[in-house]
Amino acid sequence: MEGDGKLEAQIEALLNVEKQMRQAGDVAGTRKAVSEILQLCFEACAWKTINDQIVLLSKRRGQLKQAVQAMVRQAMEYIDQTPDLETKIELIKTLNNVSAGKIYVEIERARLIKKLAKIKEEQGLIADAADLMQEIAVETFGAMAKTEKIAFILEQVRLCLDRQDYVRAQILSRKINPRVFEADTSKEKKKPKEGEAVVEEPPADIPSLLELKRIYYELMIRYYSHSNDYLEICRCYKSIYEIPSVKEDPEKWIPVLRKICWYLVLSPHDPMQSSLHNSTLEDKNLSEIPHFKVLLKQLITMEVIQWTALWNTFKDEFENEKNMLGGSLGDKAAEDLRLRVIEHNILVVSKYYSRITLNRLSNLLCLTIQEAEKHLSEMVVSKALVAKIDRPMGIVCFQPAKDSNDILNSWASNLEKLLDLVEKSCHQIHKEMMVHKAALKA
């Protein structure tokens, strides 16, 4: 009790000093008095008194911004030294209430919320942690370092994915422009001009920009895996593959390149997929995994693929993906791979046939007539190819219907080509006759 009375007397004396300094407008003096009050309480392990003094000092009339900022920052250093979890949460909540609505301590508040969200997550309260993090819009903080902003938003996205709130996760992820990861970090930081906000240094636990890039794309892979958007997953792995630290280490890039190949094969055929397919085939590193080079070539060669033979060849590699980076390809992946092979085979048939019977088509695809018709119809609906089915006759026509103008233009074009050929032939005959006459005269 005597110790408590002594502490109260010391605090009272310092409060009087703080009042004089504050009323005189002495920033350094006020800040020092506030700091000494908190230090006294901390050394006495009077955690309840610390909370009370923080609230009291922040509410004093005409309190200086610099004093409140210094007080919040100093108290944040005590958080990790609290004796138990309850005391830690109480101190964080006190500082959070004091800094609420104050722009000059917005960065400190964001860091406090992040600490509190982590505690909630460790307690298994994922939804509460996600709700807490969503209260803070760090993209509006001018004084916060770019890497800290990105790390905070990525934490918001991760918590949304953990609680399976995919809509909010997508909205939050759009706050990060992927181009920000391409910035050259080797350049020297420019000194802020007069009037510009001074950007604070990020805490030591904030990852580098390239590490944040990897985390961002890994979270995006989790998001796109929910909707089985294989092409976007492939593009995310492609971005991870381009990170220098990954590309320099074969142990890191081989699993990533395997995933790129698998998701390319699983993606529906379109111009973007075709472009990625060709660029991946040109990658020299693909020679290190020849099995996958063969797989990609098969899917780009205009030849019918036997599904059974393909699956027997790559089944072990497919199953082995669950032991690799990123885990298994998903429950639906094997079915989608078979579907991609069927679609490839239909496209091959449409290249070589203008008309084909359904019976012959089903034999080429190793499917029943009903299945062949179903897959063909789905491709026509998705505008992957043009085809018409004459069901009574059992014939598929891959040529689009032409109107009279198209027929007339085609006829005129063919006639023009014919006349060109006739003219070239006449020229060649004339040339041969001239050469022959010259040889006879000689």
Side-chain angles (χ1 to χ4, degrees), residues 114 130 133 138-139 145-186 202 205-268 270 272-273 275-280 283 285-286 289 292 296 321-330 332-333 336:
K114 195 175 178 182
M133 289 291 280
V138 290
E139 64 275 10
K146 181 168 66 177
T147 50
E148 191 176 357
K149 281 184 192 178
I150 295 167
F152 195 94
I153 295 168
L154 289 178
E155 192 66 13
Q156 290 176 324
V157 173
R158 184 185 67 78
L159 286 167
C160 285
L161 289 172
D162 287 348
R163 73 184 290 194
Q164 298 183 342
D165 187 353
Y166 295 101
V167 175
R168 202 176 293 277
Q170 185 193 27
I171 293 166
L172 288 166
S173 69
R174 285 181 177 172
K175 291 180 178 181
I176 299 172
N177 186 344
R179 288 182 186 175
V180 78
F181 299 117
E182 310 306 322
D184 188 359
T185 52
S186 63
D205 61 338
I206 299 296
S208 65
L209 200 60
L210 288 173
E211 183 63 18
L212 288 169
K213 178 181 181 178
R214 185 186 60 77
I215 296 166
Y216 169 76
Y217 283 111
E218 283 176 358
L219 290 172
M220 288 293 95
I221 288 164
R222 280 182 63 189
Y223 169 72
Y224 290 120
S225 297
H226 166 67
S227 56
N228 290 323
D229 193 339
Y230 297 124
L231 186 58
E232 287 300 329
I233 295 171
C234 175
R235 290 177 70 187
C236 290
Y237 273 114
K238 192 84 172 170
S239 298
I240 293 172
Y241 179 67
E242 297 299 328
I243 297 172
S245 61
V246 174
K247 208 159 190 181
E248 288 164 7
D249 186 356
E251 287 186 9
K252 289 181 180 177
W253 64 251
I254 286 176
V256 175
L257 191 55
R258 283 170 65 102
K259 282 286 193 289
I260 291 170
C261 294
W262 277 122
Y263 284 113
L264 264 177
V265 171
L266 288 166
S267 303
D270 69 6
M272 175 65 77
Q273 188 265 357
S275 174
L276 274 171
H277 203 129
N278 288 313
S279 65
T280 306
D283 193 336
N285 288 339
L286 202 61
I289 43 174
F292 289 88
L296 290 183
E321 281 303 315
K322 63 186 174 189
N323 304 318
M324 295 283 183
L325 173 90
S328 65
L329 300 168
K332 207 167 155 280
D336 288 334

Q. Thinking salt bridges, do Glu232 and Arg235 make one under a 4.0 Å N-O criterion?
A. yes
Q. Mind checking what makes side chain to side chain contact (heavy atoms under 4.5 Å, CB included) contact with Lys252, not counting sequence neighbours?
A. Val246, Asp249
Q.
Return the SG to NE2 distance between Cys234 and His277, rounded to the nearest 0.5 Å.
A. 10.0 Å
Q. Which heavy atom of Leu266 sits nearest a heavy atom of Ala333, and at what distance?
A. CD2-O, 3.2 Å
Could you pull out all donor-acceptor pairs under 3.5 Å where a side-chain atom in residues 149-162 meets a protein atom, sequence neighbours excluded?
unit_1: Lys149; atom_1: NZ; unit_2: Phe141; atom_2: O; d: 2.8
unit_1: Glu155; atom_1: OE2; unit_2: Arg158; atom_2: NH2; d: 2.5
unit_1: Gln156; atom_1: NE2; unit_2: Met133; atom_2: O; d: 2.7
unit_1: Gln156; atom_1: NE2; unit_2: Ile136; atom_2: O; d: 2.9
unit_1: Arg158; atom_1: NH1; unit_2: Glu121; atom_2: OE2; d: 2.8
unit_1: Arg158; atom_1: NH1; unit_2: Asp162; atom_2: OD2; d: 2.9
unit_1: Arg158; atom_1: NH2; unit_2: Glu121; atom_2: OE1; d: 2.8
unit_1: Arg158; atom_1: NH2; unit_2: Glu121; atom_2: OE2; d: 3.2
unit_1: Asp162; atom_1: OD1; unit_2: Arg222; atom_2: NH1; d: 3.4
unit_1: Asp162; atom_1: OD1; unit_2: Arg222; atom_2: NH2; d: 2.9

Q. Are there more than 12 heavy atoms of other residues, nucleotides or ligands under 6.0 Å from atom CZ of Arg214?
A. yes
Q.
Would you compute the distance between atom CD1 of Ile240 and atom CD1 of Ile215 and round it to the nearest 0.5 angstrom?
A. 10.5 Å
Q) Can you pull the ring pair (Phe, Tyr, Trp, His ring centres under 6.0 Å) pairs that have at least one residue in residues 233-254, sequence neighbours excluded? A) Tyr237-Tyr263
Q: For residues Gln273 and Ser267, report the shortest heavy-atom separation together with the two atoms involved.
A: CG-CB, 3.7 Å
Q. With side chains defined as the heavy atoms from C-beta onward, is the minimum distance between Phe181 and Ile176 less than 4.5 Å?
A. yes
Q | Steps toward side chain to side chain contact (heavy atoms under 4.5 Å, CB included) verdict (Leu286, Cys261) | A | CA-CA 9 Å; Leu286 202 61; Cys261 294; 3.6 Å; yes
**Q.** Phe292/Leu257 under side chain to side chain contact (heavy atoms under 4.5 Å, CB included): CA gap, chis, key distance, verdict
**A.** CA-CA 9 Å; Phe292 289 88; Leu257 191 55; over 6 Å; no
Q) Where do Tyr217 and Pro178 come nearest, in terms of heavy atoms and distance? A) OH-CB, 3.5 Å
Q: With rounding to the nearest 0.5 Å, note down the distance linking CD in Glu148 to NZ in Lys114.
A: 6.5 Å
Q: Report yes if the side chains of Ser225 and Ile221 come closer than 4.5 Å at any heavy-atom pair, otherwise no.
A: yes
Q. So Met220 and Ser239, side chain to side chain contact (heavy atoms under 4.5 Å, CB included) or not? Walk me through it.
A. CA-CA 11 Å; Met220 288 293 95; Ser239 298; over 6 Å; no
Q: Go through the steps to decide whether Leu231 and Leu276 satisfy the test side chain to side chain contact (heavy atoms under 4.5 Å, CB included), and finish with yes or no.
A: CA-CA 9 Å; Leu231 186 58; Leu276 274 171; 3.8 Å; yes
**Q.** Heavy-atom side-chain proximity of Cys236 to Tyr224 below 4.5 angstrom
**A.** yes
**Q.** Value rounded to 0.5 Å, distance of CG in Leu296 from OG1 in Thr280
**A.** 6.5 Å
Q: Might you point out which heavy atoms bring Glu211 and Pro207 nearest each other, and give the distance in Å?
A: CG-CB, 3.6 Å
